[in-house]
Amino acid sequence: MALHEKNTVRANLLDDVFASTDLSVRMPKYKFPKTEHHPRHVYQVVHDELMLDGNSRQNLATFCSTWIEPEVHHLMDECIDKNMIDKDEYPQTAEIEARCVHMLADLWNSPDAANTIGCSTTGSSEACMLGGMAMKWRWREKMRAQGKPTDKPNMICGPVQICWHKFARYWDIELREVPMEGDRLILTPEEVINRCDENTIGVVPTLGVTFTCQYEPVKDIADALDKLQKDTGLDIPIHVDGASGGFLAPFVDSDLEWDFRLPRVKSINASGHKFGLSPLGVGWVVWRDKEELPEDLIFWVNYLGGNMPTFALNFSRPGGQIIAQYYNFLRLGKEGFRKIQQACYDTAAYIADEIAKMGPFKIIYDGHGGIPALCWSLKEGANPGFTLYDLADRLRSRGWQVPAYSMPPNRQDLVIQRILVRHGVSRDLGDLLLNDMKHCMDYFEKNPVTTPLTEETAGGYKHS
Ligand SMILES: *Cc1c(COP(=O)(O)O)cnc(C)c1O
């Protein structure tokens, strides 16, 4: 090696990362890179770009975990190489997944929790697909047995999360989504019964509606469907979308009957990565008992070693999130979950009170009768000189993400702003936000908004 080459190599090894050959030029963006780059340099570049993402702890739009115990970080690292689908190779991960299913069946009061069936998923979206498919399959078997046509299935729900729109479109089902009317922003038994017929595969109430965070009245709907069956013979099952509520009601509101205590509730989904307090990437679906999951939806695969049942849309998937869920169950138990969730409810109620005192806002949901969250609109007729879109935009300059969005049909006229109070949103953090809200309002008073932001000009918000 010539001497000058040696010097170049030496310089490359010792250069400060920002003076390096990689960082003193632009990194490739859209064309596949031609050459290698030093790991330390690439790490710095990627790490720095991620600074521009929002700070997740200040993202008050998301329902998902943004604070994770250090022990969970360790377990996630230890599981990074484990594929949960390889049940024969990683039998303990499979065993732990099964334990979580039975613990959830127990938590949700399955009559025979030890023998029920369920599985982990990537989140509630996949879990809803699986729950929905089981409903469609059962309905089709029933209709075929009666010699009736099976080409027009429908499903009844209130204002649902987007995953149910996907389910309906992907699986060719008519979605009878009860629209909001006036002050009624959720499903009621009357609206359900009006839409039932023999092609209804099921009713899906949501325990924690995405838009307003309220619980839909599962028991009242179940009672109304019991009466419908008595009157007409129609036997229509319920799947509860408990994405959020499935990990809240059992701990904080254990008298609320929404789960397998109601015989009509055949399956439940929940997001482990929301109020289940696990890191992103895990959901659950559990059936009331084995019979509710049609056999022909289960695939048996022998190439993983053993003959393993699988029911999922995905195949390979990380095992760590499942392990983290089990850790949380052991770590917290009912008592620990209750304390964390109750603290969130208290903080939500506190923030709602303080926002109500500010003047121009009407609290629509204050954390009672749903999930730990709050939402508000501008008071009718109030003209504070800014829109909620302006306020959201201004709060963003301090890093807060407090989305403003309009309601689905038929209340598109109603614009609200919403805060999710999750694990890690402390009273102090709430106070910091409230102070910033007051500063924003002062700012608008001194600097009147000339072109108020609207839904169109503010940029979209995706419900997650
Ligand atoms: C979040 C949510 C979903 C989708 O769940 P993911 O875990 O994000 O896939 C479905 N339904 C409701 C009510 C939700 O809140």
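Quick note: numbers below take in every heavy atom, side chains included, and nothing from hydrogens, waters or symmetry partners. First listed ligand is number 1; within each ligand, the first listed atom is number 1. Residues take their numbers from the sequence shown, with the count starting at 1.
- Between Lys438 and Asp436 there is no salt bridge, since no side-chain nitrogen of the basic residue lies less than 4.0 Å from a carboxylate oxygen of the acidic one.
- Not a single heavy atom of Gly283 lies less than 4.0 angstrom from ligand 1.
- Applying the 4.0 Å criterion to heavy atoms of Ser271 picks out, from ligand 1, the atoms 5 (O), 6 (P), 7 (O).
- Salt bridge status for Asp223 with Lys219: present, with a side-chain N to carboxylate O gap under 4.0 Å.
- Those atoms of ligand 1 that come under 4.0 Å of a heavy atom in Thr206, given as number and element, are 13 (C).
- Per-residue contacts place Ser125 under 4.0 angstrom from the following atoms of ligand 1 (heavy atoms of the residue considered): 4 (C), 5 (O), 6 (P), 9 (O).
- By the 30° and 60° cut-offs, the orientation of the rings of Phe329 relative to Phe247 is tilted.
- Ring-plane geometry between Phe361 and Trp376 is classed as perpendicular, the angle between the planes exceeding 60 degrees on a 0 to 90 degree scale with a lower cut at 30.
- Every atom of ligand 1 with a heavy atom of Asp241 under 4.0 Å away is listed here by number and element: 10 (C), 11 (N), 12 (C), 13 (C).
- Atoms of ligand 1 lying under 4.0 Å from at least one heavy atom of Cys163, given by number and element, are 10 (C).
- With values rounded to the nearest 0.5 angstrom, Cys213 atom SG is found 11.0 Å from Ile364 atom CD1.
- A salt bridge does not link Asp112 to Arg288: none of the charged side-chain nitrogens sits closer than 4.0 Å to a carboxylate oxygen.
- Polar contact check, Glu126 against ligand 1: no nitrogen or oxygen pair lies under 3.5 Å apart.
- For Lys274, the heavy-atom gap to ligand 1 drops under 4.0 angstrom.
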